[in-house]
Amino acid sequence: MPKTRKIIIFSLIGVVCIVLMIIYSRLNPENSQLFPKCPFKQLTTIECPGCGSQRAIHYLFNLKIGSAIRANALLVFSIPYILLLLVAELFKSKGKFFIRLHRILYSPKAIWTVFAIIIIWWILRNFFVFL
């Protein structure tokens, strides 16, 4: 991909991210009709692993860490891992360290571990609601 095209794509992604940050920091998804509701929860009344993510992002942008954790702890605690994934992906061609990091983070073992954590989170968050 030509260098100018990459710059344009990354610039557009940056602008979209900034716009989304402004929207999520100003509007509370709980009180706004702009944000979609979880169809899984509406059909089953059971929270999916992603339920509360929009509120958690809103709270994080407003520096309300406790509220963000209550909204969706999995999302809050997975942010460092997600950032590490992005760094590994972006810099995988920049040296042996990043190549190794990329291989570890994208290995089948890592993927299955993340999958297991999501399933455990899904079960536990709904189990404690019914207690």
Side-chain angles (χ1 to χ4, degrees):
M1 183 176 334
K3 191 172 184 173
T4 54
R5 187 170 176 186
K6 273 187 180 181
I7 292 171
I8 291 171
I9 289 172
F10 282 117
S11 297
L12 288 174
I13 290 171
V15 168
V16 168
C17 287
I18 289 169
V19 168
L20 288 174
M21 286 174 61
I22 291 169
I23 291 171
Y24 272 100
S25 66
R26 305 256 187 241
L27 297 176
N28 187 344
E30 216 165 16
N31 306 332
S32 175
Q33 295 297 324
L34 177 68
F35 299 96
K37 304 291 182 214
C38 177
F40 184 81
K41 186 174 181 177
Q42 287 184 320
L43 289 172
T44 65
T45 68
I46 297 171
E47 292 188 340
C48 76
C51 279
S53 294
Q54 293 182 97
R55 283 177 284 136
I57 292 169
H58 169 76
Y59 292 133
L60 286 172
F61 284 147
N62 289 286
L63 302 176
K64 296 178 181 177
I65 309 300
S67 296
I69 291 170
R70 282 189 293 282
N72 190 325
L74 180 65
L75 173 82
V76 174
F77 293 121
S78 66
I79 289 173
Y81 184 75
I82 293 167
L83 292 174
L84 205 53
L85 286 170
L86 289 171
V87 166
E89 184 65 32
L90 288 173
F91 296 106
K92 66 184 176 189
S93 64
K94 302 294 183 195
K96 290 181 183 179
F97 172 79
F98 291 109
I99 292 170
R100 191 164 162 251
L101 181 64
H102 188 274
R103 283 189 188 140
I104 291 169
L105 294 176
Y106 287 87
S107 69
K109 188 176 182 179
I111 293 168
W112 282 107
T113 301
V114 168
F115 179 71
I117 289 168
I118 292 170
I119 297 300
I120 291 167
W121 163 249
W122 192 358
I123 292 167
L124 290 178
R125 83 182 308 194
N126 287 294
F127 176 74
F128 288 112
V129 168
F130 293 113
L131 289 181

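In what follows, every heavy atom counts, from backbone to side chain, and hydrogens, waters and symmetry copies are set aside.
Remark: the backbone N or O of Cys38 is not paired with any side-chain donor or acceptor of Glu47 at under 3.5 angstrom. Judged by distance alone, with hydrogens and angles left aside, the side-chain atoms of Ser107 form a donor-acceptor pair with the main-chain N or O of Ala110 at under 3.5 Å. Between the side chain of Arg100 and the backbone N or O of Gly95, no donor-acceptor pair lies under 3.5 Å.
With rounding to the nearest 0.5 angstrom, the NE2 atom of His58 is 13.5 Å from the CE atom of Met21. One finds the NZ atom of Lys96 at 11.0 Å from the CZ atom of Arg103 (value rounded to the nearest 0.5 Å). Remark: Ile23 CD1 to Phe61 CZ distance equals 11.0 Å, nearest 0.5 Å.
In this structure, the side chains of Leu20 and Ile57 stay at 4.5 Å or more apart for every pair of heavy atoms. Between Ser11 and Val15 the shortest side-chain heavy-atom distance does not fall below 4.5 Å.
Hydrophobic clustering keeps Ile22 apart from Leu60 (ILVMFWY residues linked when any side-chain heavy atoms are closer than 4.5 Å, directly or through intermediates). Both Ile118 and Leu105 are members of a single hydrophobic cluster when ILVMFWY side chains are connected at heavy-atom separations under 4.5 Å. Put simply, Tyr59 and Ile65 are part of two different groups of oily side chains (I, L, V, M, F, W, Y) that touch within less than 4.5 Å, one to the next. Linking ILVMFWY side-chain heavy atoms closer than 4.5 Å, directly or via other members, places Ile13 and Ile7 in two distinct hydrophobic clusters. Put simply, Tyr106 and Leu101 are part of the same group of oily side chains (I, L, V, M, F, W, Y) that touch within less than 4.5 Å, one to the next.
Between Thr113 and Lys109, the closest heavy-atom pair is OG1-O, 2.7 Å. Scanning all heavy atoms of the two residues, the minimum distance from Ser53 to Asn72 falls at OG-ND2, 3.1 Å. Closest approach of Phe77 to Ile69, counting heavy atoms only: CZ-CD1, 3.9 Å. Considering all non-hydrogen atoms of both residues, Pro29 and Phe35 come closest at CA-CD1, 3.4 Å.
Partners of Arg70 under the side-chain hydrogen bond (donor to acceptor under 3.5 Å, both in side chains) rule, at least two apart in sequence or in another chain, are Ser67. When the side-chain hydrogen bond (donor to acceptor under 3.5 Å, both in side chains) test is applied to Ser25, no partner is found at least two apart in sequence or on another chain.
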Residues Leu74, Ile117; criterion side chain to side chain contact (heavy atoms under 4.5 Å, CB included); working and verdict
CA-CA 9 Å; Leu74 180 65; Ile117 289 168; 3.9 Å; yes
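Checking Phe115, Phe127, Phe40 one by one against Trp122, the ring-ring contact (aromatic ring centres under 6.0 Å, His included) holds for a single residue, Phe40.
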When the side chains of residues 83-94 are checked against the rest of the protein, which donor-acceptor pairs come out under 3.5 Å, sequence neighbours left out?
from	atom 1	to	atom 2	distance (Å)
Glu89	OE1	His102	NE2	2.8
Glu89	OE2	Lys92	NZ	2.9

